[in-house]
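Let me begin by presenting the structure, written as structure tokens, before commenting on it.
Predicted, not measured: the structure shown is a model, and the values here were computed from it.
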Amino acid sequence: MEDQVLAATLAQPLVIASFQRERFYRQEAHRYLRLALRSNQIYVLSAPETDFTNSSEHYEKVAFEPDDGLSQEWHLVVIADNYATCLVCRENLGSIAKNKEVPELNPNLDIDTARRFEGVWTSERGVSLKAAELLLDRILVYRPELASKIQQARQRFGIGEPRNNSGVEQVNEYACDIDTDPFVQRLVTYLQASQYKLHKAYRSIAVQARKERLVNSISTAIRRSLDPHEVLQVAAQELGQHLKACRCLIYRAQATDNQAIIEHEFLTPGVLSVSGQTWELEKNSLFRHIVEQAEGVCVSDTLSDPRVTKSPGLSMIAKKFAIRSWLMEPVFYQGRLLGIVELHYCQMPPHECQPGELDLVEAIATQVGAALIQAEAYANLEELNQQLEALDRTRSNLIAITGHELRTPLSTIQVCLESLATEPDMPLELQQIMLNTALSDSERMRKLVQDFLTLSNLESGRVEWHPESLSLQECVDLALSRNRTRSSTEKPPQIKTQIAEGLPLIRADGDWLVEVLAKLMDNAFKFTPPQGEITIKAIYNSRQMVEVTVADTGRGIEPNRLEIVFDRFYQEEGALRRTTGGTGLGLAICRQIVNGWGGEIWAKSTGKDQGSQFHFTIPIVQNTQEEKRTKVKSR
């Protein structure tokens, strides 16, 4: 409508435009500067969101309140001597909601094919005059100082006055002066654009249909088969054929993997197979890009792409397997990398990846992700069954061990107390023996219950760690002091300590570290004869950790049981026929504690009666180690 005013030879027309928001006006501000050169009766209304204020520069600007009804409607009214037209509309709220639901559409754009408006657009002069009258009344409310100027417009165009035939005759007399060429040009442009959009839509529908058929075939394979290998082979076959690739690969790979084995492959005749090959991933720049950017990679020409030419490994692969164009798409599930889909094109000219192809490969990768998750689910189910079996064995061991460990001391305590109660004439020496026996067995029961509670808290994560900088020697001394107080009728084996000099400070929870040392020593006491020897060693290894070893010359462990000794309730001799006390929880507790501060624990032994060594690591205080190195250099 503004274009018609600019294109026609109309003198001093009246133009009134109201915008819902100032930013919409800003997009058309240049047009109204040009209109102001044609007439002094130009009125522009908008809400004062930023710096839109009342002013009379170039044309009349009217700032209405944001809660005014004008903010809900669009108005454009043009009144001239021989021409009148008006647009009054309101945006359909349904289109706004739709825009918010579809992220590809930007609801902030004022020109958008997805937005819909409802209202009136007419050239009927009476309607236009009425619209102009209502808008001029609103303008006077905000800018009463324009009353005289607005009155001139009312008088000139008969706004607010009854219509007469002279106005109609005047319209007919000057109708031939209206230049409609701008409208014709814009209509042709619109039709051409619509035709292009239509063809584009048809092509998009065809591509989408092919994509859906392929995705459906792979989805059907996933539903039909419980074997993930069969599903992935179908996916590689279908995708390779559909995209006319020379080779299509699907293999498992995680972000931290250094290698991957090619498991599933589609080949065209005459193309060399790579099935079973090991793909190096650590120095693969394409794979590293996928991990870092979480998106696929498309190499149009491996002979010129620097990502391939500057990587000796990739260049060798491309040359060996005749890869000219290379597409890699990650298989993600909830942000976790599960595998890779690769497409190789080996012929000339190089293959240019099209957006539709990339979308299709991405959709297939999503289905492949579902298949891999399905495979993981079955694997996890088998693992869960194994855990349930282990739990059942643990329950049986718990019943047997606790039954034996609790019943025996309870029986002893009961006999001692009954004897003391029923035999008042018992010698004092025998009474003391009875009391000592009852106290010893009650302490044994207390330790049993305490071990149960400790392991339960450690495994459930209810323990609060309090790491601090510690001296290992002090912790070893505390553990030795605790074990010296243990009651025993036999002479304990000899204990030696070999703590390396200059060890850095360690970082761990002191109480729990002493607990680990004490339990390992207690374990060594149980299985080492009095004439044997227990040695506590500590060195600084090359992995920024202090390694502690508790070694003994006792019974030893068979090599095939070095790992299971850390299981809960493990008893080498069996629950009911062993010669030493205990519940089999001590080493399990030690493993939980060491893992808690980020260390490792393991056992070594060459066999029965060959002694055993228990090793565990403790992180060091980094600053302390750096300070020591600095002091050595300065000397």
Side-chain angles (χ1 to χ4, degrees), residues 451 454-455 458-459 465 467 470-480 482-483 492-528 532-568 570-572 580 582 584-622 624-625:
D451 282 350
T454 299
L455 184 61
L458 287 168
E459 291 184 340
W465 302 98
L470 300 168
S471 168
L472 179 62
Q473 184 65 58
E474 294 180 2
C475 296
V476 171
D477 293 341
L478 287 173
L480 288 171
R482 180 187 296 186
N483 276 280
Q494 184 180 4
I495 300 178
K496 294 182 179 180
T497 59
Q498 298 176 5
I499 309 298
E501 295 184 1
L503 280 181
L505 293 178
I506 56 175
R507 183 164 183 79
D509 189 307
D511 293 337
W512 288 111
L513 176 55
V514 172
E515 182 74 14
V516 171
L517 290 167
K519 286 191 178 299
L520 291 179
M521 292 180 197
D522 184 65
N523 190 68
F525 276 122
K526 289 179 183 178
F527 300 103
T528 304
E533 183 178 280
I534 298 173
T535 306
I536 302 172
K537 304 177 183 178
I539 61 171
Y540 175 64
N541 65 21
S542 59
R543 294 181 296 168
Q544 301 293 311
M545 305 282 274
V546 168
E547 182 178 326
V548 181
T549 303
V550 178
D552 62 65
T553 59
R555 187 177 301 175
I557 307 170
E558 293 181 3
N560 62 339
R561 300 195 175 190
L562 290 175
E563 179 59 30
I564 63 174
V565 294
F566 294 98
D567 292 346
R568 291 171 296 178
Y570 174 77
Q571 292 287 351
E572 188 179 11
T580 61
L585 296 178
L587 293 180
I589 292 173
C590 289
R591 180 173 59 180
Q592 290 289 334
I593 296 173
V594 173
N595 291 343
W597 64 53
E600 295 180 272
I601 186 169
W602 66 97
K604 289 183 179 180
S605 179
T606 55
K608 281 287 188 179
D609 300 322
Q610 300 297 317
S612 58
Q613 304 89 42
F614 286 87
H615 305 257
F616 68 93
T617 58
I618 318 169
I620 68 170
V621 178
Q622 297 293 334
T624 301
Q625 185 65 12

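- In this structure, G607 and P559 approach most closely via the heavy-atom pair CA-CD, 4.2 Å.
- Pairs engaging residues 493-502 under the side-chain hydrogen bond (donor to acceptor under 3.5 Å, both in side chains) rule: K496-E533 [sequence neighbours left out].
- Closest approach of R591 to F566, counting heavy atoms only: NH2-O, 3.1 Å.
- Residue Q473 qualifies as enclosed at atom CD: its count of foreign heavy atoms under 6.0 Å is above 12.
- Taking both residues in full, the closest heavy atoms of A524 and I534 are given as CB-CD1, 3.6 Å, listed atom of the first, atom of the second, then distance.
- Taking each heavy atom of L513 and C475 in turn, the nearest pair found is CD2-SG, 3.6 Å.
- Taking CD1 from I618 and CG from L505, the interatomic distance works out to 11.5 Å, rounded to the nearest 0.5 Å.
- Interatomic distance, CG of L517 versus CG of D522, reported as 12.5 Å (0.5 Å rounding).
- Between the side chain of T617 and the main chain of E600, a donor-acceptor pair closer than 3.5 Å is present.
- Screening V548, V550, I593, L587 for a side chain to side chain contact (heavy atoms under 4.5 Å, CB included) with V516, the sole residue that qualifies is I593.
- Counting only N and O atoms by type, the side chains of D552 and S612 include a donor and acceptor under 3.5 Å apart.
- For the residue pair P619 and M545, the shortest heavy atom distance occurs at CA-SD, 3.5 Å.
- Between A538 and L503, the shortest heavy-atom distance links the atoms CB-CD1, 3.8 Å.
- The side-chain hydrogen bond (donor to acceptor under 3.5 Å, both in side chains) pairs that include a residue from residues 503-517 are R482-E515, E515-K519, where partners are two or more places apart or lie in different chains.
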